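What you see is a predicted model; the values in this text were computed from it and never measured.
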Amino acid sequence: MKVEDEGLFLYSKNFGESSKILYILSKDNGLLKGLCRYSKNKKSNLINFDKIKFIWSSRNKDSLGFVNVEPQQGNSIDNYLFSIIKASASELCIKFLPLWEKNVEIYNNVLELSNLKKNIEFFLIKKYVSWEIEFLKNLGYQLDINFCSVSGKKGDTFFISPKTGNAVSFDVGEKYSKRLFKIPLCMKENFKKDFYPDYCEALQITGFFFFKILENRKQKFIFRNQLISYIKGL
């Protein structure tokens, strides 16, 4: 079978002396991977979120398959922070998305993240944290902080439940406060301020739910951890 599609390059790893296994988030076929061969005169210089067109071919979708890639467009921002953001988002996509499962919303959200134009630290970080929250929503954990899940009141939420991701008011959650997450102010204010400790708290919450989905806290998020360390240093 042959699949022709477009998408975003996520990651590659060496396979033998002249081949790489490429991970691609495709527009119409979801996450996929394939073997790409390179000669000495043809080296891969793709980086995370580069836009590509490709042809994937194999006997069936359960096989690794071969992929021929045609680069289309690189990223508009070239700095260290954005490179970590792209690597972290790519890492999460590879860990959590099943192969060959199309998800238009996830693809569009990643595409939007790849198209960021402003080379400003605060802007890039807030966009990434917002992206993680949307990514979790698409994985089944919506962090709804607008309403108290017990009283139904809007605007007085204070805690997030680690079990459900639902929010409750201070009065409802006070006696359980040691077992709940306090909602970071940046989430309530829709990431309008550049108070970086707040952003780290938000990433701690999203990270908790990522590990909960994986059910294995021994797994590591290499690039995500690098990003958090970078934010802590600002």
Side-chain angles (χ1 to χ4, degrees), residues 6-13 20-27 30-33 36 43-54 69-97 103-139 143 184 186-187 189-207 209-210 219-234:
E6 62 184 80
L8 298 166
F9 168 77
L10 298 181
Y11 175 73
S12 67
K13 61 181 179 181
K20 289 181 180 290
I21 296 176
L22 270 58
Y23 289 82
I24 298 167
L25 183 62
S26 66
K27 181 178 180 181
L31 178 69
L32 57 86
K33 61 180 180 178
C36 187
K43 298 293 184 179
S44 170
N45 58 354
L46 292 170
I47 60 176
N48 305 92
F49 287 5
D50 277 354
K51 296 176 178 64
I52 58 173
K53 287 186 178 180
F54 65 90
V69 174
E70 181 182 346
Q72 297 295 301
Q73 182 183 348
N75 302 127
S76 58
I77 301 176
D78 182 19
N79 70 15
Y80 179 68
L81 173 59
F82 193 47
S83 68
I84 308 175
I85 285 173
K86 293 184 293 182
S88 180
S90 297
E91 183 178 50
L92 293 178
C93 287
I94 292 169
K95 282 186 178 291
F96 288 100
L97 299 182
N103 189 307
V104 175
E105 190 167 353
I106 286 179
Y107 179 80
N108 287 337
N109 287 342
V110 175
L111 185 62
E112 181 182 355
L113 190 64
S114 74
N115 285 328
L116 296 179
K117 304 295 184 184
K118 294 182 181 179
N119 192 0
I120 303 172
E121 289 181 334
F122 158 61
F123 174 80
L124 294 173
I125 293 169
K126 77 171 185 177
K127 286 295 185 181
Y128 177 77
V129 178
S130 298
W131 178 84
E132 277 204 357
I133 292 172
E134 283 297 309
F135 188 66
L136 269 176
K137 176 183 174 181
N138 281 289
L139 294 177
L143 305 182
C186 64
M187 292 176 66
E189 296 183 345
N190 197 26
F191 308 99
K192 293 179 180 179
K193 296 181 180 179
D194 56 350
F195 187 56
Y196 295 117
D198 243 23
Y199 286 83
C200 289
E201 288 182 13
L203 290 172
Q204 180 183 5
I205 294 172
T206 54
F209 286 102
F210 286 137
Q219 291 206 37
K220 294 182 179 179
F221 298 110
I222 297 172
F223 299 108
R224 189 175 186 275
N225 289 342
Q226 288 181 12
L227 176 60
I228 293 172
S229 295
Y230 183 91
I231 297 173
K232 287 181 178 179
L234 293 175

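Screening Ile231, Leu116, Leu113, Leu81 for a side-chain contact (heavy atoms from CB on, under 4.5 Å) involving Tyr128 leaves a single residue, Leu113. If you run side-chain contact (heavy atoms from CB on, under 4.5 Å) between Ile106 and each of Leu111, Leu97, Leu31, only Leu97 comes through.
A donor-acceptor pair is defined here as one N or O able to donate and one able to accept, closer than 3.5 Å; no such pair exists between the side chain of Asn138 and the backbone of Phe135. Looking only at distances, no side-chain donor or acceptor of Glu132 sits under 3.5 Å from a matching main-chain atom of Thr206. In this structure, Arg224 contributes its side chain and Glu91 its backbone to no donor-acceptor pair below 3.5 Å. Looking only at distances, a side-chain donor or acceptor of Ser130 sits under 3.5 Å from a matching main-chain atom of Lys126.
Taking the centre of each ring, Phe96 and Phe210 come in below the 6.0 Å mark. In this structure, the ring of Phe191 has its center no less than 6.0 angstrom from the ring center of Phe122.
Here the CG atom belonging to Asp50 is positioned 11.5 Å from the CD1 atom belonging to Ile24, to the nearest 0.5 angstrom. The NZ atom of Lys117 lies 12.5 Å from the CG atom of Leu124; values are rounded to the nearest 0.5 Å. Between atom OG of residue Ser114 and atom CG of residue Asn109 there is a gap of 11.0 Å, rounded to the nearest 0.5 Å. Atom OG of Ser88 is separated from atom CG of Asn225 by 8.5 Å, given to the nearest 0.5 angstrom. Taking NZ of Lys51 as the start and CG of Leu8 as the end, the distance is 6.0 Å to the nearest 0.5 Å. The line from CG of Leu203 to CZ of Phe221 is 12.0 Å long, rounded to the nearest 0.5 Å.
Relative to the ring axis of Phe123, Lys118 places its NZ or CZ within 45° and under 6.0 Å from the centre.
The ring-ring contact (aromatic ring centres under 6.0 Å, His included) test applied to Tyr11 returns no partner, not counting sequence neighbours.
When side chains are defined from C-beta on, Phe209 does not count as touching Leu139, because their heavy atoms never get closer than 4.5 Å. Side-chain atoms of Ser12 and Leu46, non-hydrogen and from C-beta on, never get closer than 4.5 Å to each other. Residues Leu92 and Trp131 form a side-chain contact, since some pair of their non-hydrogen atoms from C-beta on lies under 4.5 Å apart.
Heavy atoms from other residues, nucleotides or ligands lying under 6.0 Å from NZ of Lys192 number 12 at most. For Lys27, the NZ atom counts as loosely surrounded, since its 6.0 Å shell holds 12 or fewer non-hydrogen atoms of other residues, nucleotides or ligands. No more than 12 heavy atoms of other residues, nucleotides or ligands lie within 6.0 Å of CD in Glu112, so this atom counts as exposed by the packing criterion.
The heavy-atom pair separating Lys95 from Lys220 by the smallest distance is CE-O, 3.3 Å. The minimum heavy-atom distance between Phe82 and Asn79, with the atom names listed, is N-OD1, 2.8 Å.
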